[in-house]
Each structure stands twice: as structure tokens, then as C-alpha cells.
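Written out below as C-alpha cells is the structure these notes cover.
Throughout, a chain's letter reflects where its sequence line sits, starting with A, and its residues are numbered from 1.
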2 protein chains.
Amino acid sequence: MATIQDVAKAAGVSAMTVSNVINGHPNVRPATRERVLEAVDRLGYRVNVAARNLRRGRTGTICLAVPEINRPYYGRLAASIIAAAARHGLRVSIEQTGARRENELAALSLSRNRLYDGLILSTVGMGPADVGALDVDHPVVILGERIFGGPVDHVAMPNEAASEAATRHLVERGCRRIAIVCGRLGGEVDVSSLRHAGYLRALAAAGLPADPELVVTAGSFTMQEAARRVRERMAEGLAFDGVFCVTDTVAMGVLRALADAGVRVPEQVRVIGFDNVDESAYLVPSLSTVDPDHDLMAERAVTLLAARIERSGPGPEREEFTGPFRLVVRESTGG
Amino acid sequence: MATIQDVAKAAGVSAMTVSNVINGHPNVRPATRERVLEAVDRLGYRVNVAARNLRRGRTGTICLAVPEINRPYYGRLAASIIAAAARHGLRVSIEQTGARRENELAALSLSRNRLYDGLILSTVGMGPADVGALDVDHPVVILGERIFGGPVDHVAMPNEAASEAATRHLVERGCRRIAIVCGRLGGEVDVSSLRHAGYLRALAAAGLPADPELVVTAGSFTMQEAARRVRERMAEGLAFDGVFCVTDTVAMGVLRALADAGVRVPEQVRVIGFDNVDESAYLVPSLSTVDPDHDLMAERAVTLLAARIERSGPGPEREEFTGPFRLVVRESTGG
DNA sequence: TTGTAGGCGTTATCAC
DNA sequence: GTGATAACGCCTACAA
């Protein structure tokens with residue numbers, strides 16, 4: 001495997017000149033450049049990235065840590081982030097945390113190995129109590145709802161506002177007993193509690209009572225768990241004419257449970273989700289939802305991270321970014 | 001940021017001893033080990049992976065190149081591969097090729113930068129004509145249907161057999177005019193042609209005519225494209241009582257198109273897919289499909305790659321592995 | 001059991 | 001415009 005020295009020798013120049021040519025530095029005479037490129041070609045030379053990384057103190061790779069790549073929302077996010085990173089000349093390595101706190105903390109220290117130039121961490125297991133763990137000496141961007149006001153940049157979803165809009169939409173379609181399917185509400189700040197808050201706000205604004213009975217809690221945001229819990233609650237007699245699901249994936253489970261119970265959507269129950277995953281438009285009935293503009297959030301996260309990597313110092317104020325959203329009305333709410 | 005030298009100094013030993021402790025080498029006196037570990041802890045030392053990579057000539061990272069991570073099948077695959085790689089002590093970096101031949105070829109040469117120890121390449125754009133490009137000097141495993149008999153290990157799906165079983169299932173359920181929704185059949189070896197062959201075999205075995213009219217070709221394996229083409233063909237008068245879809249994603253598009261046309265599944269048309277993606281069980285109607293055991297294929301691919309990396313030589317015979325499958329009967333075929 | 005020397009391949013610096 | 005030198009931080013030999 002040819003090294004830069006081999007090329008230099010073959011082209012009758014110094015290694016430095018080869019390096020300059022390869023990295024597109026100015027101040028190389030065209031004729032010299034030609035000769036070098038010819039030699040590069042002839043020897044099939046490729047730079048050794050490990051050596052370059054060592055020398056530059058950069059790896060050109062960032063890490064994306066998400067619960068599991070095989071979930072519509074995180075897949076969507078990853079695709080956007082990989083694409084955005086490529087635009088910044090960065091590669092992306094993916095770490096799966098399984099939504100476990102310890103794995104999220106491990107991801108934080110992995111980057112300390114200088115394995116990655118920076119980390120985009122989707123916090124699901126970590127909570128406000130772990131803010132201290134974020135105080136690391138390498139660039140980190142948090143993408144999640146569990147931690148606010150930490151010592152790092154934060155890209156968040158428009159949780160409350162979008163949830164309020166989704167719930168309001170159900171109200172406007174005539175729903176009066178609106179359920180919510182979410183995770184356990186433990187008082188901590190997380191996706192469920194934020195979206196639940198938006199739901200409550202919409203109910204209050206519409207003058208509807210907030211019946212705690214209508215809160216269906218699932219252990220995880222999976223189709224399986226959502227379907228199971230809704231079936232259970234319906235068997236216990238829970239009745240509702242609208243349901244706001246914390247994610248589209250959860251909504252898919254709910255749609256399935258309703259179908260099993262012979263409930264027609266949207267005639268008897270209207271359903272709305274959150275995320276606007278690709279599948280949502282193709283479900284039968286197609287799923288109304290709110291679209292948080294994943295591409296924009298991904299772009300923002302990568303841009304923030306890239307900027308910190310570039311500066312490689314403490315840098316300016318930490319940024320807190322909350323994306324926009326739009327309501328997507330489809331069949332499941334009678335759209 | 002502390003280096004191994006700093007630790008050595010702090011512990012009053014040589015860098016070599018620190019290295020030995022870190023890498024768990026024997027022949028280090030317990031007392032010395034203690035002192036070193038204490039210093040490591042105190043200074044917050046982490047090895048510099050770039051330096052280690054340079055020295056070792058390994059990066060500990062493999063590349064997974066897939067069309068797009070945000071597609072149920074590739075998401076599923078990626079999740080399995082990342083998990084399998086972790087068991088082998090390997091990290092996974094993901095490259096999105098967009099199913100474009102040139103990007104797949106680029107992935108092949110990326111590894112040559114010694115950026116990655118090996119590559120798992122999902123070939124979709126490349127064809128048999130590109131077999132030559134596979135003749136590289138670093139470990140590669142092909143995961144796909146476009147290339148057989150190349151100079152590298154190959155993990156393939158049970159395309160024909162599983163497609164035949166899926167189609168046979170439709171026959172057994174009483175279907176007589178069975179359509180197939182696949183990609184363009186250009187004579188080349190690819191997912192569509194292999195699964196189409198299985199479909200034909202099942203028809204032949206059942207003594208059913210193979211009406212070319214019943215072949216619906218889509219430009220890509222997306223819900224959108226599948227739905228669009230099926231709508232078009234139905235508008236042109238195409239009639240069928242069963243349909244085999246080359247992937248579950250395609251099947252979702254088809255289910256949507258049928259719903260739009262007011263066709264009831266499975267009463268009027270039975271539908272079966274391929275992949276057994278997570279969503280399939282929760283669709284309404286739930287989707288019958290064939291399950292190719294993604295975990296096993298992922299494990300096999302990673303094991304083959306890891307073995308080649310370990311040997312780091314030409315190694316033994318190239319391996320051709322075709323996974324098993326099982327039929328999953330659900331509502332869409334009246335299950 | 002521990003230490004010394006050297007080099008993996010690249011590039012920043014500075015001299016020419 | 002080009003080249004010599006010196007690291008970047010680690011680990012494989014070998015020596016002690």
C-alpha cells in the first residue's frame with residue numbers, strides 16, 4: 001500500500017508537496033501538480049486517514065447515539081443527519097443506546113476517546129439529574145426532551161405547541177372525550193409530559209374537562225405496547241371519541257387496537273399522531289399528524305456541532321433551538 | 001488532554017507499562033497496575049484511538065453501505081448489523097448510497113482509505129458488470145441480489161424459494177389471477193427478477209397461466225411509487241384477486257392503492273409481502289409476508305467480515321450464504 | 001517485570 | 001513554489 005513518501009519519490013518531489021496537492025493547497029505549480037497526480041494515480045495512492053487523524057487531531061467522524069435505528073422516527077432522523085453531516089464533510093457512526101441511561105452516558109465518554117469529533121445524543125434514558133454528565137470537553141449536541149438548560153447545545157421539538165395544535169384539531173373536528181396515549185407521567189421533563197401538557201392546554205382552551213381516566217400510559221413508544229395498553233383500557237370500559245398519540249408509531253399501535261375492537265376511524269374515533277413518519281400517509285386510514293420538520297432539526301443539530309468542532313474552544317453561548325411544525329390533516333381525523 | 005506519557009510520569013513508570021496495563025497484558029505486577037490505574041483515573045486519561053489505529057493499522061470500525069437508512073428493511077438490517085458488530089468489538093459507520101451505482105462504487109474505495117477495516121455493501125445499483133470493482137484488497141461482504149459469484153463473501157436472501165412460497169400461499173387461498181408488483185425486469189439478476197422467478201415457479205406448479213399483464217413494474221421500491229403504479233394499472237382495467245409484492249414497503253403502497261379503489265382486502269384481493277418488517281403486523285389489515293431472518297443474515301455477514309479482518313490475508317474460499325425464511329400468515333391473505 | 005528506541009503516515013512550520 | 005524537520009500518541013521489538 002503506497003504511502004505519501006512513495007508518491008513523492010515517484011514524482012521526484014517531497015512528501016510535503018504531495019500533501020499540498022492532495023489537500024488542494026495553493027502555491028503548487030501546475031506542472032508539479034500534474035506530475036504528482038500522475039504518480040498518485042499510477043501507484044493507486046490513497047491517504048491513510050488514521051495518520052491524518054492523528055496529525056490533525058480530528059477524525060472527521062461524528063457519532064449519532066439513538067435508542068434504536070430501526071424505528072421510524074430515529075431512522076428518519078438518522079437519514080437526515082447523515083445527509084446533513086455529509087454536506088459538512090463529516091461521516092456518521094451510529095451508536096444504539098436502547099434508550100438506556102447507562103448507554104447514553106457511555107456514548108458521552110466514547111467521544112472522549114477522540115474517536116469522534118463530536119456527538120449528537122438523543123437523550124431518552126438520561127434525565128435532568130444527569131446534566132452534570134454533559135459537562136464534557138468535546139462538542140455535544142442534545143437532541144431530545146429530557147434535558148433543558150444543560151451546558152451544551154440543544155435541539156428540541158416543538159412539543160407543547162404541536163401537541164396543543166394536534167389536540168385542538170381533534171376538538172375542532174367535534175371530539176369531546178379526547179384520550180392521550182403516552183408514556184408514564186413521572187413529573188420529570190420528557191416527551192410524554194411535554195406533549196401531555198400541550199394536550200391539557202388545548203382541552204383547557206376548549207373548556208373541556210381533563211379527565212385523568214383518558215390518559216393511557218404505555219411502557220414504551222412501540223406499536224406493541226401502545227396496542228396492548230389501549231386494548232386493556234378499552235376492555236375496562238374506557239370510551240373516547242378522539243385520541244392524541246405521542247408518536248406516529250404509537251398511533252399505529254392504537255389504530256390496530258381500534259380495528260381489533262371493531263371501532264371505525266374516523267367515524268367513531270378520530271386519531272392523530274406526532275412525527276409525520278413516511279408510513280403515516282399510506283396507512284389505512286392515513287394518519288393525521290404533526291410534522292416537526294426533521295430535516296431542519298437535523299441540519300440545525302449538525303450545523304451547531306460542526307461549528308463547535310470548528311472553533312474547538314469553549315465557544316459562545318449555548319444555543320437552545322426549538323423547531324417549527326405544521327399540522328398534517330389526513331383521513332384518521334376525517335380530513 | 002492527558003497522554004500515555006503523562007500517565008507514565010504520574011505513576012512513575014514507563015509509557016510501555018501503562019500500555020500493558022490498559023491493554024490487559026499479563027506480566028504487570030499488581031501493585032504497578034494499581035498505581036497506573038490510579039493515575040489513569042486521576043488524569044482522566046483515555047487512549048487516543050487515532051494514534052492506536054495508526055500504529056495497529058486497524059480502525060475497529062466497519063462501514064455499512066445501504067441505499068437509505070430510513071427504509072424499514074434497511075433500518076431493520078442496520079440495527080441487526082450494529083448489534084452483531086458490537087458483539088465482535090466493531091463499530092459501524094453508515095454510508096447512504098441512495099441506491100446509486102456510483103455511490104456504491106465509492107463506498108468500495110472509501111474502505112481503501114483504511115478508514116474502515118471492512119465493508120458490508122448492500123448492492124442495488126451495481127450490477128454483474130461491476131464484479132471487477134469488488135476485487136479490492138480489503139474485506140468486503142456483499143449483502144444483496146445483484147451480484148453472484150463475485151470475488152467476495154456474499155450473503156443473500158432466499159429470494160426465489162420465499163417468493164415461490166408466498167405465491168403458492170396465495171394459490172392455496174384460492175387466488176387465480178395473481179399479480180406481482182416489482183421493479184423493472186431487465187433480464188439482469190436483481191431482487192425483482194429473482195422474486196419474479198419464484199412467483200412464476202409457483203404459478204407453473206399450480207398450473208396457472210403467467211399473464212404478463214399481471215406484472216406491475218414500479219421504478220423504485222417505495223410506497224409512493226407502488227401506490228401510483230397500481231392505481232394507474234387498475235384505472236387501465238387490470239383485474240386480479242391476489243398480489244405478491246416484492247417488499248413489505250411496496251405492499252403498504254399497494255394496500256393504500258387498493259383502499260383508494262374501494263377494494264376490500266382480503267375479501268376481494270389477497271395481499272402478501274416480503275421482509276416481515278415491524279410495521280407489517282400492525283397494519284390494518286395486518287400483512288402476510290415472508291420473514292427472511294434478518295438477524296441471522298446480519299450475524300452471518302458480520303461474522304464473515306470479522307473473520308476476514310482477523311486473517312487479513314487472501315483467506316479461504318469465498319462463501320455464498322443464503323438465509324432461511326418462514327411464511328407469516330396474517331389478515332391480508334385471510335389468515 | 002519493566003524500560004528504551006523507533007516508526008506507523010501525515011502535515012504545520014519555517015526556511016530556502 | 002518547494003523541501004527539511006519535527007511532531008501527533010501509541011505499540012512492537014528488543015534490551016535490561
Side-chain angles (χ1 to χ4, degrees), chain A residues 1-40 43-61 89 111-117 137-138 310 312, chain B residues 1-40 43-61 111-117 137-138 312:
Chain A
M1 189 108 284
T3 75
I4 203 169
Q5 304 287 353
D6 300 334
V7 176
K9 211 167 295 172
V13 297
S14 78
M16 216 34 240
T17 301
V18 177
S19 175
N20 284 334
V21 169
I22 287 168
N23 295 293
H25 287 201
N27 298 344
V28 178
R29 200 182 304 162
T32 314
R33 161 169 288 118
E34 280 317 307
R35 243 176 332 135
V36 169
L37 289 178
E38 186 274 331
V40 164
L43 301 183
Y45 168 77
R46 319 309 301 302
V47 299
N48 181 323
V49 183
R52 170 181 283 177
N53 287 346
L54 175 58
R55 183 58 244 223
R56 299 226 252 237
R58 292 267 185 84
T59 65
T61 299
S111 317
R112 276 178 63 197
N113 291 5
R114 285 90 131 217
L115 232 182
Y116 308 120
D117 293 342
D137 55 4
H138 57 270
E310 223 48 66
S312 74
Chain B
M1 189 107 283
T3 75
I4 204 171
Q5 303 288 352
D6 300 335
V7 176
K9 210 167 295 170
V13 298
S14 79
M16 215 31 245
T17 302
V18 178
S19 175
N20 284 332
V21 169
I22 288 169
N23 295 295
H25 287 199
N27 298 344
V28 179
R29 198 182 304 161
T32 315
R33 159 168 290 116
E34 280 316 308
R35 243 176 332 132
V36 170
L37 289 178
E38 186 274 330
V40 163
L43 300 183
Y45 169 77
R46 317 313 297 307
V47 299
N48 181 323
V49 182
R52 171 181 283 176
N53 287 346
L54 176 57
R55 186 58 242 235
R56 298 225 252 237
R58 291 267 185 86
T59 65
T61 299
S111 317
R112 276 178 65 200
N113 291 3
R114 286 91 132 215
L115 231 182
Y116 308 120
D117 293 343
D137 55 4
H138 57 268
S312 74

A/N20 CG to C/dA12 C1', straight-line distance once rounded to whole Å: 10 Å
Nucleotide D/dC11, atom P - distance to CE of B/M16 in whole Å: 7 Å
Whole-Å distance separating the OH atom of A/Y45 from the C1' atom of C/dT10: 7 Å
Rounded distance (Å) that lies between atom P of D/dA4 and atom CD of A/Q5: 10 Å
Length of the CG-C1' vector between B/D6 and D/dC8, whole Å: 13 Å
Under-4.0 Å side-chain N/O to phosphate OP1/OP2 contact, A/T17 with D/dG3: yes
Proximity to the side chain of A/L54 - top-ranked nucleotide from D/dC11, D/dT2, D/dG9: D/dG9
N or O in side chain of A/T32 less than 4.0 angstrom from D/dT2 OP1/OP2: yes
B/S14 or B/A51, whichever maps to the more 5' nucleotide of DNA chain C: B/S14
Nearest-neighbour nucleotide for the A/I4 side chain, C/dC8, D/dC11, C/dT11 considered: C/dT11
Side-chain donor or acceptor of B/R35 paired with backbone N/O of B/A11 under 3.5 Å: yes
Candidate list A/N53, A/T59, A/T61, test side chain to side chain donor-acceptor pair (under 3.5 Å), partner A/D117, passing option: A/T59
OP1 or OP2 of D/dC8 under 4.0 Å from side-chain N/O of A/R56: no
B/H25, nearest nucleotide to its side chain (from D/dT12, C/dT2, C/dT11): D/dT12
Presence of B/N48 side-chain N/O under 4.0 Å of D/dC10 phosphate oxygens OP1/OP2: no
Integer-rounded Å distance: D/dG9 P and A/L115 CG: 15 Å
Distance below 4.0 Å between B/N23 side-chain N/O and D/dC11 OP1 or OP2: yes
A/R55 side chain near C/dG9 phosphate (N/O to OP1/OP2, under 4.0 Å): no
